[in-house]
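Below is one structure, written out as structure tokens, with a few remarks after it.
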2 protein chains.
Amino acid sequence: MGEETHSTGTPRRRGRPRKDQSLPGSPRMLLIRAGLAVLTEKGFSAAGLDEIVAAAGVPKGSFYHYFDSKDAFGLALIDAYADYFVRKLDRCFENEARPPLMRLRDFLDDARAGMARHGYRRGCLIGNLGQEMNVLPEPFRERLAAVFRDWEARTARCLRAARAAGEIAADLDCDRIAKFFWIGWEGAVLRAKLERSPAPLDAFFEGFLALLHMGSTVSGRQPACSGQF
Amino acid sequence: MGEETHSTGTPRRRGRPRKDQSLPGSPRMLLIRAGLAVLTEKGFSAAGLDEIVAAAGVPKGSFYHYFDSKDAFGLALIDAYADYFVRKLDRCFENEARPPLMRLRDFLDDARAGMARHGYRRGCLIGNLGQEMNVLPEPFRERLAAVFRDWEARTARCLRAARAAGEIAADLDCDRIAKFFWIGWEGAVLRAKLERSPAPLDAFFEGFLALLHMGSTVSGRQPACSGQF
DNA sequence: TATTTTTTAGACCGATCGTCTTGCAAAATG
DNA sequence: CATTTTGCAAGACGATCGGTCTAAAAAATA
């Protein structure tokens, strides 16, 4: 009461209205995009704001207009990366046109292509920040852990689909396997960066697949694509 | 010739003789010890020399007497850590008093205890530096990769002993499995740091053991300690 | 004691870090 | 148009970074 309100409920204020900072070309989005590129490559501590604002083509002075601090920026990057990655996961894991186990392989192929595209220099933002946990502010921890829980849940869902389809043994614990996958996968991305090669990704994935086919010898099914582990 | 030489062959020179810098109490060793503590926790980029020399109780000016640069110091730390770690690996993997597969578990127990002792803040130096590869000088890459090759070789030897003892299936490729182990293990250490918990170490290890018992259902052997993967 | 060399000691440097203050341009209202 | 309110940009700022430098103490030989 007393304040004039818009039909949408927004109080019509005087002064210059703020731009929509969720638009792709907005400075905020440019900063986030540049920040993702830099931090997936160098991590948080080694990434300077100067480099990020330069890559974004945004004046340094503007940075603190859009973000309270480098820390707050980092948290925003986690959210942005989580969003981007969940879309990728869903595109793979919920692709009904493919058998569930092949969806996992689609994810591998996607990741391998992504790392190759960037010369094996960019890794996983979540893994990078996780490694730096001891020099990051405490709020990062729960946020990163939550992202992993989410990825694990989506992966477990895909695994259950595979189990329901009879692609993997019926007595496998899909939640534990999904946990196992993400624990090891981050190690594989790390090694791929170190060796500048997709081999660690493949090596881990093949081992993981072999694990999935445990007990399949009993039911007589042959592993489709695993090596001789 | 022309120079006076000791009976040991060392040319006895004038001036203050240099201390043995491999002695435990020497400044150089204090710096390396402090550097290992700081870098296993914070990585290379986030670790400042000021912090390291303070922790070592050595004046900053002395640092550059013993090391040419922070980079050179980092390489020395890799060597020191590799030495320390190889001793640990051999203590576990070549312990003839234990069956080969149990030696692997001994390593797990040792690592779990080590991480707990430091509050799950210190990780693996090699993994930390590997994650930072893009912001490290190029010589680090080959050095780190060589360390992993060494660890893999020692692990593969232990696995072959297990295979010879009939603890694991005869058709398993021990070299590939060893590679798989170290790829995933570094991911497990990363997650343990993130979650400040030993659970990721155990989760990965149990999955790894399950992988080793592939085909054991055929030969009728029961997994000794793996969960229901 | 005089000389030579190693080691200690910390002030100091330019560069870069994240942050903040300040001022002006833009776009609304009255 | 004048006013108001805000968005945004530019650069200054202190702290800290890795690294350098000079000087002197320490410990040996001559």
Side-chain angles (χ1 to χ4, degrees), chain A residues 3-6 8 10-23 25-31 34-35 38-39 42-77 132 135-137, chain B residues 3-6 8 10-23 25-31 34-35 38-39 42-77 132 135-137:
Chain A
E3 295 245 325
E4 187 116 16
T5 56
H6 216 236
T8 63
T10 316
R12 248 308 200 195
R13 306 191 318 175
R14 287 171 67 103
R16 178 177 176 173
R18 69 178 60 190
K19 287 186 188 169
D20 182 359
Q21 294 297 343
S22 60
L23 259 51
S26 68
R28 191 190 146 89
M29 280 305 158
L30 291 176
L31 285 170
V38 174
L39 264 74
K42 313 173 84 171
F44 188 81
S45 305
L49 291 185
D50 287 348
E51 177 184 6
I52 294 172
V53 297
V58 167
K60 184 173 182 181
S62 294
F63 180 89
Y64 280 87
H65 177 69
Y66 295 106
F67 301 97
D68 289 341
S69 64
K70 191 190 181 189
D71 291 351
F73 182 58
L75 288 173
L77 287 185
E132 296 182 82
V135 290
L136 262 36
Chain B
E3 295 243 325
E4 187 116 17
T5 55
H6 216 234
T8 63
T10 317
R12 249 309 200 193
R13 307 192 318 174
R14 288 171 62 105
R16 178 176 177 173
R18 67 178 61 192
K19 288 184 189 171
D20 182 359
Q21 294 296 344
S22 59
L23 258 52
S26 68
R28 191 190 147 90
M29 281 304 160
L30 291 176
L31 285 169
V38 174
L39 264 71
K42 314 173 80 171
F44 188 81
S45 305
L49 290 185
D50 289 346
E51 178 184 6
I52 293 171
V53 296
V58 167
K60 185 171 183 182
S62 292
F63 180 91
Y64 281 91
H65 178 69
Y66 296 107
F67 301 98
D68 289 341
S69 64
K70 192 190 181 188
D71 291 351
F73 182 57
L75 288 173
L77 288 184
E132 298 182 81
V135 291
L136 262 36

Nucleotide dC17(C), atom P - distance to CG of Asp71(A) in whole Å: 16 Å

Closest listed nucleotide, where the reference is the side chain of His65(A) and the choices are dT7(C), dG7(D), dA9(D): dG7(D)

Candidates dT19(C), dC8(D), dG18(D) - which lies nearest the side chain of Leu49(A): dT19(C)

Donor-acceptor pair present, Lys60(B) side chain and dG19(D) base, under 3.5 Å: yes

Over-ring placement of Lys70(B) relative to Tyr64(B), 6.0 Å and 45° cut-offs: no

Full working for ring pair (Phe, Tyr, Trp, His ring centres under 6.0 Å) between Phe63(B) and Phe73(B): CA-CA 9 Å; Phe63(B) 180 91; Phe73(B) 182 57; 5.0 Å; yes

Sugar-phosphate, base or nothing in reach of Gly61(B), heavy atoms under 4.0 Å: base

Selection from dT19(C), dG19(D), dC8(D) that lies nearest to any side-chain heavy atom of Lys70(A): dT19(C)

Sugar-phosphate only, base, or nothing, as touched by Ala47(A) at under 4.0 Å among non-hydrogen atoms: sugar-phosphate

Nucleotide of dG18(C), dC17(C), dT7(C) approaching Asp50(A) most closely (side-chain heavy atoms): dC17(C)

Any Tyr64(B) side-chain nitrogen or oxygen under 4.0 Å from OP1 or OP2 of dG19(D): yes

Step-by-step salt bridge (charged side-chain N to carboxylate O under 4.0 Å, His left out) determination, Glu132(A) to Lys42(B): CA-CA 7 Å; Glu132(A) 296 182 82; Lys42(B) 314 173 80 171; over 6 Å; no

Between dC17(C) (C1') and Phe63(A) (CZ): distance, integer Å: 12 Å

Whichever of Ala46(A) and Asp68(A) has its nearest DNA chain C nucleotide further upstream toward 5': Ala46(A)

Length of the CZ-C1' vector between Phe73(B) and dG18(D), whole Å: 13 Å

Distance below 4.0 Å between Tyr66(B) side-chain N/O and dT7(C) OP1 or OP2: no

Beyond-backbone contact of Leu77(B) with Phe44(B), side-chain heavy atoms, under 4.5 angstrom: no

